[in-house]
Amino acid sequence: LLVMLAIPQAQPTLAVVTPGGNEATTPESDEQAGSSVARPTSEPDAAVAAPTAEPADDRDAAARRRVIGTWTDNYQGKRTMTLNEDGTATMLVELSGMKARLFAKRLEFEMIWSLEDGRLKKQTLRGEPSTQVNLILKTMGDRVDEPILELTGENLVLLDKDGETRYTWTRVPDTSE
């Protein structure tokens, strides 16, 4: 249900869409392993032009701002993850069929998160129903460390520790405005 503890060996590619709508995609080289350097594939708008060799701290800060919000995917059930600005997070997992009978129809996880070196790191603190959540945490661990392969206004793609499985999250529109 949650994929825990991972440091994949694959070299991820980061895709970033600037506010002007330009997409940048860069595979990492060996000397850049563990960082994500985005180089424009087309000319950026003059209003959003930035140096190509942006420091890693600046890239992470921009990604942190962009990743805040609510995301959903359908990996082993419908998952809804909310990443808050203060570093707290929640995940709601809605299961059906055999998985719902084994665990519960609805699992809620409380987490903390950080973003460092182009990687989204999450730690589950607790959840409900506590017996089922504790079983999952005991089996799978309480932490994940996933490279960000893509982060746009609409999509967040993370790579599992197996180096192959991709989790494609879609942003849930903010209806508070």
Side-chain angles (χ1 to χ4, degrees), residues 1-8 10 12-19 21 23-25 36 38 59-130 132-137 139-177:
L1 297 175
L2 288 177
V3 179
M4 302 294 169
L5 288 175
I7 300 179
T13 299
L14 176 69
V16 177
V17 175
T18 66
E23 184 167 332
T25 308
S36 301
R59 286 189 310 274
D60 283 345
R64 269 187 220 98
R65 288 188 300 274
R66 208 171 18 256
V67 79
I68 293 169
T70 301
W71 302 87
T72 187
D73 84 348
N74 290 301
Y75 180 77
Q76 296 191 12
K78 181 180 178 187
R79 300 189 302 175
T80 304
M81 173 176 66
T82 301
L83 302 173
N84 300 308
E85 189 173 351
D86 66 1
T88 61
T90 58
M91 185 181 297
L92 170 65
V93 180
E94 299 172 83
L95 301 172
S96 60
M98 181 60 76
K99 290 178 186 160
R101 286 190 290 279
L102 285 173
F103 295 102
K105 286 185 179 182
R106 181 181 169 108
L107 298 164
E108 296 180 40
F109 299 87
E110 292 180 35
M111 306 178 297
I112 55 174
W113 70 275
S114 64
L115 195 150
E116 299 170 31
D117 298 323
R119 304 174 75 87
L120 183 60
K121 300 176 181 191
K122 298 174 284 194
Q123 179 181 0
T124 301
L125 304 174
R126 66 190 139 277
E128 293 293 329
S130 61
Q132 288 84 348
V133 167
N134 289 337
L135 175 64
I136 292 167
L137 296 178
T139 304
M140 303 191 68
D142 67 343
R143 299 166 197 251
V144 292
D145 179 345
E146 300 163 319
I148 298 173
L149 301 182
E150 178 182 339
L151 176 55
T152 67
E154 302 300 319
N155 293 308
L156 168 63
V157 181
L158 303 172
L159 184 65
D160 184 68
K161 67 180 175 183
D162 68 12
E164 295 179 15
T165 305
R166 294 173 183 231
Y167 305 109
T168 302
W169 296 86
T170 303
R171 185 180 297 278
V172 175
D174 183 4
T175 57
S176 65
E177 296 177 8

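FYI, the numbering just counts along the sequence from 1.
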Can you tell me how far apart [atom1] ([X]) and [atom2] ([Y]) are? Round to the nearest 0.5 Å.
| X | Y | atom1 | atom2 | value |
| --- | --- | --- | --- | --- |
| Thr70 | Met91 | OG1 | CE | 11.5 Å |
| Leu158 | Leu120 | CG | CG | 5.5 Å |
| Glu85 | Arg65 | CD | CZ | 10.0 Å |
| Gln123 | Asp145 | CD | CG | 12.0 Å |
| Asp73 | Tyr167 | CG | OH | 9.0 Å |
| Leu95 | Lys105 | CG | NZ | 11.0 Å |

### Query
Quick one: side-chain hydrogen bond (donor to acceptor under 3.5 Å, both in side chains) partners of Thr80, sequence neighbours excluded?
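side-chain hydrogen bond (donor to acceptor under 3.5 Å, both in side chains) check on Thr80 returns nothing, list empty.
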
### Query
Does the Gln132 side chain pair with the main chain of Phe103, one donor and one acceptor, at a distance under 3.5 Å?
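Yes: the side chain of Gln132 pairs with the backbone of Phe103.
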
### Query
Any donor-acceptor pair under 3.5 Å linking the side chain of Thr72 with the backbone of Arg79?
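Between the backbone of Arg79 and the side chain of Thr72 there is a qualifying donor-acceptor contact (under 3.5 Å).
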
#### Entry: Minimum side-chain heavy-atom gap Ile68-Trp113 below 4.5 Å
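Yes, side chains in contact.
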
### Reference residue Arg66; test side chain to side chain contact (heavy atoms under 4.5 Å, CB included); the match among Leu156, Leu115, Ile148, Leu151
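Per the side chain to side chain contact (heavy atoms under 4.5 Å, CB included) rule, the option paired with Arg66 is Leu151, out of Leu156, Leu115, Ile148, Leu151.
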
### Task
Among Arg166, Lys121, Lys122, find the one that has a side chain to side chain contact (heavy atoms under 4.5 Å, CB included) with Glu146.
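By the side chain to side chain contact (heavy atoms under 4.5 Å, CB included) criterion, Glu146 pairs with just one of Arg166, Lys121, Lys122: Lys122.
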
For [X], enumerate each residue passing the salt bridge (Lys or Arg N to Asp or Glu O under 4.0 Å) test, keeping only those at least two apart in sequence or located in another chain.
| X | answer |
| --- | --- |
| Glu154 | none |
| Arg126 | Glu110 |
| Arg171 | none |

### Message
Going by the rule side chain to side chain contact (heavy atoms under 4.5 Å, CB included), which residues pair with Thr88 if we only count those two or more places apart in sequence or in a different chain?
### Response
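Asn84, Asp86.
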
### Task
With sequence neighbours excluded, tell me which residues meet side chain to side chain contact (heavy atoms under 4.5 Å, CB included) with Ser130.
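With sequence neighbours excluded, Ser130 shows a side chain to side chain contact (heavy atoms under 4.5 Å, CB included) to Glu128, Asn134, given in chain and number order.
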
### Message
Can you give me the closest heavy-atom contact between Trp71 and Asn155, atom names plus distance?
### Response
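Minimum heavy-atom contact is CZ3-C, 3.6 Å.
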
### Query
So, for Asp60 and Gly118, which heavy atoms are closest and what is the spacing to 0.1 Å?
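That closest heavy-atom pairing would be OD1-N, 3.0 Å.
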
